[in-house]
**Q** 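There's a structure below that I have some questions on.
No experiment lies behind these values; they were computed from the predicted model shown. Computed over heavy atoms, backbone and side chain alike; hydrogens, waters and symmetry mates excluded.
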Amino acid sequence: MEIKDEPAYGYRGMMLDVCRHFHDVEFVKKQLDIMAMFKMNYFHWHLTDDHLWTIEIKKYPRLAEVGSVRRNADGSIHRGFYTQEQIKEVVAYAAERYITVIPEVELPGHALAALTAYPEYSCTGGPFELRNKWGVEDNVYCAGNDKTFEFLQDILEEVIPLFPGKFFHIGGDECPKVRWNECPKCQKRIKDENLKDAHELQSYFIHRIEKIILAHGKSMIGWDEILEGGLAPSATVMSWRGEEGGIAAASMGHDVIMTPSKWMYMDHGQGAVEAEPIAIKFGLPLEKTYSYDPKSPKIPENLRHHVLGAQCNMWTEYAVTPEYTEYLLYPRMLALAELDWTPKEKKDYNSFTRRLDNQLIRLDMHHINYHIPMPEGPMADRIAYTENTTLTFQNSRNYPMVYTTDGSEPQTSSTKYENPLHINKDVTVKIATMLPSGKLSPVRSIEVVREKLMPATEKSTQPGIELRRTEGNLYFVKDLDGAHWSAPKIVKDFEFKPEIEDKGAYCYTGYFEVPADGIYYFSSEMDELRIDGKVIISNDGKLIRHSRTRNSIALQKGKHAFQLLMINNNIGGYLRTWNNKGFIWAPEGNELELPKPEKLTH
């Protein structure tokens with residue numbers, strides 16, 4: 001037979017971050033195999049950042065010796081880099097599969113790993129350590145020092161020949177101007193070049209690097225921040241903060257690759273927050289990725305040809321293992337492959353999910369881990385009840401589910417979930433989603449426990465809650481034993497933003513008002529939450545700290561005491577709270593609601 005087919009877009013890409021958590025050559029090759037299977041043709045390799053420098057540079061050996069070793073706050077070491085021979089090996093492997101590898105060397109920001117090795121190219125001179133928290137780093141390359149550009153030119157002249165493809169990615173995103181605004185050399189550069197401000201200084205920096213890249217016959221790609229201060233003439237824009245950067249660049253006649261986080265960031269969780277492992281954000285199910293249209297109607301029709309295609313991005317802040325990285329990537333990467341290949345008018349999500357069942361079998365044959373919709377419904381994995389309760393489950397693709405109540409792990413032959421489970425005794429429900437192939441999802445285990453109502457207090461209180469702070473290189477809750485806490489500060493709510501580099505701990509204490517006797521659910525990403533002296537939530541000692549945990553307890557109407565601990569010294573350790581609050585609570589059966597500020601007292 002003869003098949004005639006062609007892709008809707010010439011650029012069909014996936015980005016892998018190997019700086020937050022390193023992935024070896026074999027893992028990269030494995031992903032290239034799957035990309036080739038689904039006709040994806042660009043692999044964007046994020047090789048340098050604040051957290052690791054992962055590519056050997058022979059002229060500057062300390063980049064690999066120092067910049068590839070991170071000391072985490074818990075005392076563990078994370079390391080990894082590729083030799084230039086390994087880079088060549090991967091590039092050749094990709095080329096055999098018709099995939100072009102695009103390297104990314106971040107500048108002028110996200111440079112702390114490089115500056116730790118060579119602090120003389122910073123504004124302050126260091127010394128530095130690799131960043132062991134997520135977030136944006138203030139220390140960036142010094143734009144007023146000509147030797148900085150010599151350093152970067154030397155690096156680029158080693159890296160560029162390793163990658164025969166057309167594109168070279170320079171990052172260009174999230175570059176704070178704090179150091180530049182304080183640096184005499186940078187301020188002199190602004191004055192000498194007749195620039196308005198530090199934003200135009202960033203544009204100057206990018207333009208100067210672009211000349212090096214063009215001299216080597218390459219085309220520069222950068223994240224959409226390279227639009228700030230004036231876009232480099234030949235640059236291709238990768239739009240990540242939304243579609244706006246891509247729309248603006250295409251409307252100016254520049255090529256764009258659409259990778260907006262709302263649809264294309266594979267580090268976001270795919271299912272309900274109460275059922276899924278920790279992720280940097282949630283709310284990106286398979287259907288949402290599949291629904292994306294790279295050619296925004298806001299781009300003039302005669303300029304839409306500048307949209308080269310779409311790319312999914314796999315950032316690895318929370319992807320601590322190869323297995324979990326794949327769990328986040330798949331099957332959403334297959335949705336990206338189809339939306340890049342198939343014209344919009346021929347896309348059909350129902351058809352896609354029917355065909356997906358067979359594709360998942362193919363992924364099994366390649367030993368790829370992937371997301372199976374988890375059983376959702378109960379808001380916590382520990383459910384309290386006073387007399388009886390009912391558990392109702394569903395999953396996002398309406399697959400059948402099987403469960404047990406005898407402590408055993410579910411099997412394909414276990415009881416099929418068909419109706420809500422009515423429970424009036426203590427039991428552990430273990431339930432899993434089952435694919436047509438018979439493969440089961442990870443098991444969700446829910447402990448159902450009878451409780452007496454926790455009595456309220458009659459204590460007289462005043463509006464506001466107490467906030468205390470202690471300093472020190474703290475990591476676990478036990479490290480707070482014997483801590484010297486500051487005098488309490490009365491605050492009205494949980495709205496606080498500790499300095500990102502602050503290695504201390506924060507403690508809120510106070511009371512909240514329960515409107516009626518009943519079961520209440522609590523959720524927090526902080527290290528520990530106690531209610532009436534009892535530990536309700538503990539994220540202490542987890543591999544990735546500040547996971548979001550939920551629990552439920554039986555509370556009597558009235559005031560109840562709480563203590564909320566947050567230790568600001570671990571990877572992923574900046575304060576991330578739901579709706580900007582420290583913890584949330586809701587009555588059983590209701591949507592989660594915030595405690596009203598006027599009912600928080602001390």
Side-chain angles (χ1 to χ4, degrees), residues 269-278 282-283 285-288 349-350 353 357 371-454 514-524 531 536-537 547-557 578 584-593:
Q270 310 171 64
V273 64
E274 68 271 12
E276 291 292 335
I278 184 67
F282 286 85
L286 178 69
E287 184 173 9
K288 187 171 182 179
Y349 182 70
N350 290 330
T353 53
D357 290 334
H371 177 263
I372 302 172
M374 292 286 288
E376 300 174 358
M379 290 194 292
D381 290 339
R382 182 186 181 279
I383 305 295
Y385 70 99
T386 53
E387 295 181 4
N388 57 67
T389 190
T390 299
L391 302 184
T392 303
F393 295 93
Q394 68 276 337
N395 64 72
S396 61
R397 297 215 294 277
N398 298 315
Y399 286 127
M401 294 172 283
V402 291
Y403 71 96
T404 65
T405 56
D406 62 0
S408 64
E409 296 299 301
Q411 309 291 328
T412 54
S413 57
S414 298
T415 305
K416 187 176 180 180
Y417 173 81
E418 294 178 330
N419 296 299
L421 305 181
H422 301 287
I423 296 172
N424 58 11
K425 63 179 181 179
D426 290 4
V427 69
T428 297
V429 176
K430 296 188 176 186
I431 185 166
T433 302
M434 184 167 64
L435 296 179
S437 67
K439 185 174 182 176
L440 298 181
S441 72
V443 174
R444 188 171 178 200
S445 182
I446 298 177
E447 182 185 8
V448 186
V449 181
R450 187 191 301 270
E451 281 190 355
K452 294 181 179 179
L453 292 172
M454 194 173 287
V514 171
D517 291 356
I519 304 300
Y520 289 82
Y521 289 84
F522 290 80
S523 176
S524 178
I531 301 223
I536 303 301
I537 288 174
S547 301
R548 181 180 290 115
T549 304
R550 295 185 176 197
N551 200 350
S552 65
I553 56 173
L555 295 175
Q556 187 181 73
K557 178 182 177 180
W578 192 316
I584 55 176
W585 63 286
E588 182 180 28
N590 290 356
E591 291 299 314
L592 291 167
E593 299 171 348

**Q** How would you list, by chain and number, every residue that makes a side-chain contact (heavy atoms from CB on, under 4.5 Å) with Pro285, sequence neighbours excluded?
**A** Lys288
**Q** Working to the nearest 0.5 Å, report the span between CZ of Arg550 and CD1 of Ile537.
**A** 9.5 Å
**Q** Just to verify, what does Asp406 make a side-chain hydrogen bond (donor to acceptor under 3.5 Å, both in side chains) with, not counting sequence neighbours?
**A** Ser408
**Q** For Arg450, what residues pass the side-chain hydrogen bond (donor to acceptor under 3.5 Å, both in side chains) criterion, not counting sequence neighbours?
**A** none
**Q** Grab the two heavy atoms, one from Gly269 and one from Phe282, that are nearest each other, plus how far apart they are.
**A** CA-CD2, 3.7 Å
**Q** Are Ile446 and Ile383 packed together at the side-chain level, in the sense that at least one heavy-atom pair is separated by less than 4.5 angstrom?
**A** yes
**Q** Using the salt bridge (charged side-chain N to carboxylate O under 4.0 Å, His left out) rule, collect all pairs that involve residues 412-432, keeping only residues at least two apart or in two chains.
**A** Glu409-Lys430
**Q** Do the non-hydrogen side-chain atoms of Lys452 and Thr386 ever get within less than 4.5 Å of each other?
**A** no
**Q** Is the side chain of Asp517 donor-acceptor paired with the backbone N or O of Lys557 at a distance under 3.5 Å, no angle test?
**A** yes
**Q** Can you tell me how far the CG atom of Leu435 sits from the CG atom of Leu440, to the nearest 0.5 Å?
**A** 8.0 Å
**Q** Per the ring-ring contact (aromatic ring centres under 6.0 Å, His included) rule, what does the pair list look like for residues 403-430, sequence neighbours excluded?
**A** Phe393-Tyr417
**Q** If the condition is side-chain hydrogen bond (donor to acceptor under 3.5 Å, both in side chains), which residues does Glu276 pass it with, not counting sequence neighbours?
**A** Tyr327, His371
**Q** Would you name the heavy atoms of Leu555 and Leu453 that are closest together and state the gap between them?
**A** O-CD2, 3.4 Å
**Q** What do the steps show when you test Ser445 against Thr428 for side-chain contact (heavy atoms from CB on, under 4.5 Å), and what is the final call?
**A** CA-CA 7 Å; Ser445 182; Thr428 297; 3.4 Å; yes
**Q** Tell me, which pairs form a salt bridge (charged side-chain N to carboxylate O under 4.0 Å, His left out) where one or both residues lie in residues 376-394, sequence neighbours left out?
**A** Asp381-Arg444, Arg382-Glu451
**Q** Can you sort out the partners of Ser413 under side-chain hydrogen bond (donor to acceptor under 3.5 Å, both in side chains), two or more places apart, ordered by chain and number?
**A** none
**Q** Which heavy atom of Met401 sits nearest a heavy atom of Pro375, and at what distance?
**A** SD-CB, 3.8 Å
**Q** Are the side chain of Ser552 and the backbone N or O of Tyr521 linked by a donor-acceptor pair below 3.5 Å?
**A** no
**Q** Measure the shortest side-chain to side-chain distance between Ile519 and Ile553 over non-hydrogen atoms and say whether it is less than 4.5 angstrom.
**A** no
**Q** Residues two or more places apart in sequence or in another chain: which of them pass side-chain contact (heavy atoms from CB on, under 4.5 Å) with Asp357?
**A** Tyr399, Pro436
**Q** At their closest point, which heavy atom of Asn395 faces which heavy atom of Met374, and how far apart are they?
**A** CB-O, 3.6 Å
**Q** With sequence neighbours excluded, tell me which residues meet side-chain contact (heavy atoms from CB on, under 4.5 Å) with Asn350.
**A** Asp348, Arg354
**Q** Would a distance-only check, ignoring hydrogens and angles, find a side-chain to backbone donor-acceptor pair under 3.5 Å from Asn388 to Ile423?
**A** no
**Q** List in chain and number order the residues that pass side-chain contact (heavy atoms from CB on, under 4.5 Å) with Ser414, two or more places apart in sequence or in another chain; answer none if no residue qualifies.
**A** Val402, Thr404, Pro410, Gln411
**Q** Can you give me the closest heavy-atom contact between Ala384 and Ala554, atom names plus distance?
**A** CB-N, 4.3 Å
**Q** Could you tell me whether a side-chain N or O of Thr353 sits under 3.5 Å from a main-chain N or O of Tyr349, the two making a donor and an acceptor?
**A** yes
